[in-house]
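Read through the structure below, which is laid out as structure tokens, and then see the notes.
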Amino acid sequence: MAAIIESRIREGLPHPLGATWDGQGVNFALFSANATRVELCLFDETGETRIELPEFTDEIWHGYLPDVRPGSIYGYRVHGPYEPDIGHRFNSNKLLLDPYARGHFGDLEWQPAIFGYQLESGDDTTFDDRDSAPFVPKCVVVDPNFDWKGEPGRRTVAWEHTIIYELHLRGYTMIHPGLPQEWRGTYKGLSTEVIKYIKSLGVTSVEFLPVHTFLSDSYWGYNSIGFFAPDPRYSHEREQTLREFKEMVARLHDAGLEVILDVVYNHTAEGNQLGPTLSFKGIDNASYYRLLPEEPRLYINDTGTGNTLNLDHMRVIEMVTDSLRYWAGETHVDGFRFDLGTILARQASGFDNQSGFLKACCQDPELRTVKLIAEPWDCGPGGYQVGAFPPGWAEWNDKFRDTVRDFWRGEASASVIAPRLCASGDIFNHRGRKSWASVNFITAHDGFTLNDLVSYNDKHNEANGEDNRDGHADNRSWNCGVEGPIDDKEVTALRARQRRNFLATLLLSQGTPMLLAGDEFARTQQGNNNAYCQDNEISWVDWNTMEENGSLLRFVQQLTALRHKYPILRRSRFLTGTYNEDLGVKDVTWINASGTEMKPEEWADLSMECFGMLMDGRAQPTGIRRRGEDATLLMVLNGYHDLVGFTLPETVGGGHWQLLIDTNLPEDGKMGSFAAGDVYGVTGRSLLLFALMADPRSE
């Protein structure tokens with residue numbers, strides 16, 4: 001058979017990279033600058049057939065086979081020098097995954113044969129001649145055709161309207177009582193009924209933790225080994241993985257929801273010099289990875305995971321941007337969140353917001369139309385870069401998270417939290433960036449859930465098997481007086497109010513809010529703040545708690561409805577507090593408990609914990625100098641532990657203040673109307689929202 005296939009192989013084309021079916025056959029193209037020979041390996045029930053790729057063009061090996069069809073299983077064996085001391089780790093005994101593979105088949109078995117060196121020796125300069133093919137996953141040729149007519153509801157959500165909902169695809173539905181057992185934890189698990197629930201929350205965009213193919217030692221998925229293929233373990237039928245993923249996207253779009261993927265282009269699952277040889281390491285180690293210049297046997301580890309992709313190399317930039325375009329164009333994904341995003345902008349000299357990759361994204365006609373969100377830090381020198389990404393990008397804002405956590409546990413004053421409520425203009429308001437560039441969050445997959453944030457002072461990661469040494473110790477959490485679950489009514493009530501305080505602060509602040517799935521009904525991880533390895537009830541969303549925490553769920557729905565209703569809560573222009581001479585108005589005025597504008601000495605008072613944020617709907621909403629027509633809102637925050645009498649301020653155009661939110665009131669509590677000058681008793685550690693109502697007599 002090998003001779004027959006080899007006799008029919010044609011030269012093919014160097015582009016596109018990967019395995020591309022044209023309806024008649026498949027073109028195979030693989031980049032490797034330093035290889036000496038590349039063998040395509042085809043697998044069927046008779047075994048393995050090896051065919052040498054005949055052409056080498058611009059450092060790309062390629063060939064065309066008319067006999068190959070979608071569903072064919074393949075991999076590569078790449079020949080070249082095994083010289084770790086100068087950065088080369090070629091070993092043709094190791095079957096390698098195509099970096100551009102659109103589908104994967106089989107699972108990894110951790111056997112010594114998957115390592116390029118003799119694992120038993122512990123010496124990565126040794127050479128291992130065992131065949132890894134029986135133990136590694138393989139690639140699948142896919143048929144990309146899909147009927148996208150089924151998503152008439154797809155729409156682009158403007159950044160200022162965006163509310164992100166972060167979830168783990170598997171964990172979200174693993175114990176969902178309304179799903180068939182075989183659908184749970186899969187792309188099919190995001191069924192119409194589940195999506196209907198997500199839509200009911202008032203969110204606009206679903207952000208999935210990584211779904212690129214990854215190694216199974218990471219439940220979260222931050223261990224990618226393929227950047228073009230959805231992980232087959234999340235499929236109901238593995239041979240239909242790509243189709244099932246596209247069907248899920250179509251269902252979400254039909255509900256008017258965006259799809260954002262968390263992507264990991266900063267490292268791969270191959271690890272450092274002692275890691276396995278699965279793909280990039282055996283294809284062209286010196287091109288794909290950043291190696292220590294003075295000792296290229298070793299890897300630069302700016303990611304903390306053993307290796308770092310070399311985004312300085314043109315073919316690596318090409319691979320990442322090709323991957324992004326593939327997911328945006330072929331699978332209709334609406335945006336990406338980049339894990340350890342600083343890595344993507346690293347040059348040899350360090351972080352550079354004019355790096356080749358960032359320039360490529362900014363000029364690409366497809367990528368500049370989707371949402372790009374950076375996690376703006378990594379583990380390398382100068383890795384913390386919040387606010388430093390170029391225009392067009394949004395960024396996770398951990399300063400919002402930390403400051404808001406501190407405020408509600410009584411360790412931050414008004415002067416510290418005020419900028420965070422205004423989309424952190426001190427960080428992001430430059431180069432024409434808009435307030436949506438600040439992606440605000442209180443909790444995320446990494447760290448405590450909202451319930452645990454108000455229930456635990458310390459992390460409880462014993463189940464991870466690392467003697468509770470893993471995970472961050474600085475959580476800025478407060479257990480409200482007792483560690484863990486408690487039946488005490490006062491503590492329970494305080495925790496409930498704190499949950500509402502955090503959610504209200506998140507959803508009523510300027511910027512782009514991100515909500516962690518399950519926080520809306522007080523999901524717990526039992527104090528585990530690093531559940532990356534917990535593919536079990538610790539991490540899975542427990543839907544049984546929804547009923548008992550239904551009031552919190554309805555509170556979230558109320559908050560998102562208010563955010564959608566009142567444009568002043570989601571201005572794209574930063575609120576600065578600057579007096580507009582033409583309009584005679586400030587966009588935001590800070591109010592003290594006496595109902596007057598805060599004075600410099602009050603801003604300097606570190607004990608100032610009760611204050612108001614008056615957002616004037618008359619302020620100029622865009623670059624055009626005209627008066628706004630939005631409602632005027634007053635948000636009052638009391639981080640103090642006791643009751644504070646707050647005088648409702650006088651303001652132009654209003655007769656009275658209508659209470660919309662009081663995190664201390666029960667769900668059925670009466671929301672009254674109050675005149676300017678009235679004193680409202682603000683409960684310790686609570687948040688209020690008022691809307692200014694026009695005086696009927698003035699109308």
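- A side-chain donor from one of Ser415 and Ser413 sits under 3.5 Å from a side-chain acceptor of the other.
- Using a 4.0 Å cut-off between a side-chain N of Lys or Arg and a carboxylate O of Asp or Glu, Arg573 and Asp587 do not qualify as a salt bridge.
- For Asp334 (side chain) and Val259 (main-chain N/O), a donor-acceptor pair under 3.5 Å exists by modelled atom type.
- Between Phe351 and Phe389, the ring center distance clears the sub-6.0 Å criterion.
- Every side chain to side chain contact (heavy atoms under 4.5 Å, CB included) that Glu601 has, sequence neighbours left out, goes to Lys599.
- The backbone N or O of Gly387 sits less than 3.5 Å from a side-chain atom of His430, completing a donor-acceptor pair.
- If you run salt bridge (charged side-chain N to carboxylate O under 4.0 Å, His left out) between Arg337 and each of Glu375, Glu395, Glu166, only Glu375 comes through.
- The salt bridge (charged side-chain N to carboxylate O under 4.0 Å, His left out) test applied to Asp426 returns Arg420, not counting sequence neighbours.
- The side-chain heavy atoms of Asp398 and Tyr384, taken from C-beta on, include a pair separated by under 4.5 Å.
- When only modelled atom types and interatomic distance are considered, Thr308 and Asp302 share no side-chain donor-acceptor pair under 3.5 Å.
- Using a cutoff of 4.0 Å between basic side-chain nitrogens and carboxylate oxygens, Arg346 and Asp378 are scored as salt-bridged.
- In terms of modelled atom types and a separation under 3.5 Å, the side chain of Arg476 and the main chain of Glu411 share no donor-acceptor contact.
- Remark: the backbone N or O of Arg523 is paired with a side-chain donor or acceptor of Thr449 at under 3.5 angstrom.
- Taking the centre of each ring, Phe357 and Tyr265 stay at or above the 6.0 Å mark.
- The shortest side-chain heavy-atom distance between Arg625 and Gln620 falls under the 4.5 Å cut-off.
- Between Tyr222 and Asp446, every side-chain heavy-atom pair lies at or beyond the 4.5 Å cut-off.
- Within the 4.5 Å cutoff, the side chain of Asn528 has heavy atoms near those of the Asn461 side chain.
- In this structure, Leu692 and Leu634 have side chains that are not in contact, with every pair of non-hydrogen atoms separated by 4.5 Å or more.
- No side-chain donor-acceptor contact under 3.5 Å links Asn440 to the backbone of Leu506.
- For Pro600, the side chain to side chain contact (heavy atoms under 4.5 Å, CB included) test picks out no residue, with sequence neighbours left out.
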